[in-house]
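The basis for the numbers below is simple: all heavy atoms, side chains too, and nothing from hydrogens, waters or symmetry mates. Both ligands and their constituent atoms are indexed starting at 1 by order of listing.
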Amino acid sequence: MLMGPGPSDVPPSILEAMAQPTVGHLDPAFIEVMDAIKDLLRYAFQTDNRLTMPVSGPGTVGMETCIANLVEPGDTVVVVENGVFGRRMKAMATRCGAEVVYVEEPWGRAIRPHVLAETLEQHPEASVVAFVHAETSTGALSDAETLVDLAHQHGCLAIVDAVTSLGGVPVRVDAWDIDAIYTGSQKCLSCTPGLSPISLSERAVNHIRNRTTPVQSWFMDLTLVMEYWDDQNGRSYHHTAPINALYGLHEALRRLHEEGLEHAWARHRQHHTALKAGLAALGLAYIVPEGERIPQLNAVTVPDGIDEAAVRHALLHEHQLEIGAGLGDMAGDIWRIGLMGHSCRAENVRTCVRAIGHALQAQGLDVDPGAAVASAEGTLASQQAATA
Ligand SMILES: *Cc1c(COP(=O)(O)O)cnc(C)c1O
């Protein structure tokens with residue numbers, strides 16, 4: 001059971017889709033699959049953006065693709081960090097030759113819009129703003145709509161990391177007017193790792209067309225990638241697409257479409273509420289304040305005197321359950337429990353609460369795993385009654 005910060009459990013239908021025979025990357029049947037993926041991605045991202053496609057590579061490649069295409073040497077880029085992933089954006093923008101204005105916000109909290117507003121007032125030369133919507137290192141959700149609006153008020157394009165948010169909480173690319181967004185296949189989409197869907201607005205595409213220098217990465221240069229992914233001038237080879245991985249993504253997106261985004265968001269919220277009740281009964285406290293949390297990543301403080309690595313070891317070896325450790329500045333202090341995509345199920349919530357309860361008990365903590373499971377169970381039952 002995968003209940004860490006991703007990858008999440010992959011449903012059998014996705015693995016079966018990936019086991020279908022490999023065809024050529026320009027086979028007309030495969031071109032149809034590519035077109036279907038682009039349409040399903042437009043639904044998942046809630047956008048009509050023409051440039052909507054999966055990049056061949058993990059979420060980090062989606063991040064680097066957006067930055068490499070929108071940033072030119074000498075540009076001023078504002079990166080707001082409130083966790084591990086913002087740091088990467090800074091490093092990437094710096095390698096693209098940008099002057100990075102780096103805003104460090106407290107970890108475990110949402111980004112404060114007034115801090116971005118003040119930074120943009122001090123840096124009228126800025127052309128791009130980048131931030132993470134749902135920080136997987138802490139489980140904090142920022143108000144992407146407001147932050148993007150601030151970027152536009154100051155003449156900047158906005159790059160949004162939706163690797164953990166897409167499919168778990170609302171992400172509305174067109175309504176929020178996001179310029180460039182990327183996600184990952186292995187979090188709330190519950191596909192295997194290795195693909196990074198992206199979507200770029202018309203404004204962002206024009207910005208790329210008007211660059212004065214070529215994109216420093218040949219592989220990530222979207223003007224070249226689109227010769228393969230977009231049919232305007234006929235398809236031609238750019239790189240050999242990961243055919244079978246894309247079959248899997250197609251099935252993952254088909255499943256999300258079948259469930260419906262609103263239902264997927266509600267499912268994440270409901271199971272998060274049940275997990276929270278179980279964790280509270282075990283005395284585990286969230287690091288992110290209520291109201292700033294994402295349901296799909298539950299970061300809780302390791303109780304005093306508990307060997308956090310020994311607990312994860314016990315979960316893995318006695319319960320076949322993986323949860324995440326703390327990243328970066330929070331390593332050793334927290335656990336990160338994922339409820340992403342197919343991992344976001346009643347069975348997983350029960351197993352997780354019971355297993356953590358037993359592992360804490362084994363280390364001498366006075367907790368009642370049975371009562372904690374009952375508490376999670378009670379929450380699930382009352383939610384089912386409410387939606388029935
Ligand atoms: C996981 C994650 C990434 C990186 O994705 P990879 O597939 O590991 O490269 C980037 N941003 C956020 C917020 C993530 O959670």
Q: Among all protein heavy atoms, pick out the one at the shortest distance from atom 9 (O) of ligand 1; state its residue, atom name and that distance to 0.1 Å.
A: Thr60 OG1, 2.5 Å
Q: Check each atom of ligand 1 against the heavy atoms of Thr164 and keep those under 4.0 Å away; list them by number with element.
A: 15 (O)
Q: To which protein heavy atom is atom 10 (C) of ligand 1 closest, and what is the distance rounded to 0.1 Å?
A: Phe85 CD2, 3.3 Å
Q: Between the side chains of Arg254 and Glu251, is the shortest nitrogen-to-carboxylate-oxygen separation below 4.0 Å, so that they form an ion pair?
A: yes
Q: What part of Asp161 sits under 4.0 Å from ligand 1 if we count only heavy atoms: the side chain, the backbone, both or neither?
A: side chain
Q: Without swapping roles, check the side chain of Glu202 against the backbone of Asn49 for a donor-acceptor pair under 3.5 Å.
A: no
Q: Non-hydrogen atoms of Lys187 versus ligand 1: any pair closer than 4.0 Å?
A: yes
Q: Measure the distance from atom 6 (P) of ligand 1 to every protein heavy atom, then report the residue, atom name and distance (to 0.1 Å) of the closest one.
A: Gly59 N, 3.4 Å
Q: Is Glu347 paired with Arg350 through a side-chain N to carboxylate O contact shorter than 4.0 Å?
A: no
Q: Between Arg112 and Asp143, is the closest basic N to carboxylate O distance under 4.0 Å?
A: no
Q: Which residue owns the protein heavy atom closest to atom 15 (O) of ligand 1, what's the atom, and how far is it?
A: Thr136 OG1, 2.3 Å
Q: Looking at Arg312 and Glu308, is any side-chain nitrogen of the basic one under 4.0 Å from a carboxylate oxygen of the acidic one?
A: yes
Q: Could you see which bit of Pro193 sits under 4.0 Å from ligand 1, with heavy atoms only: side chain, backbone, both or neither?
A: neither
Q: Is it true that Arg345 and Asp9 have a side-chain N and a carboxylate O under 4.0 angstrom from each other?
A: yes
Q: With a 4.0 Å cut-off on heavy atoms, is Gln186 touching ligand 1?
A: yes
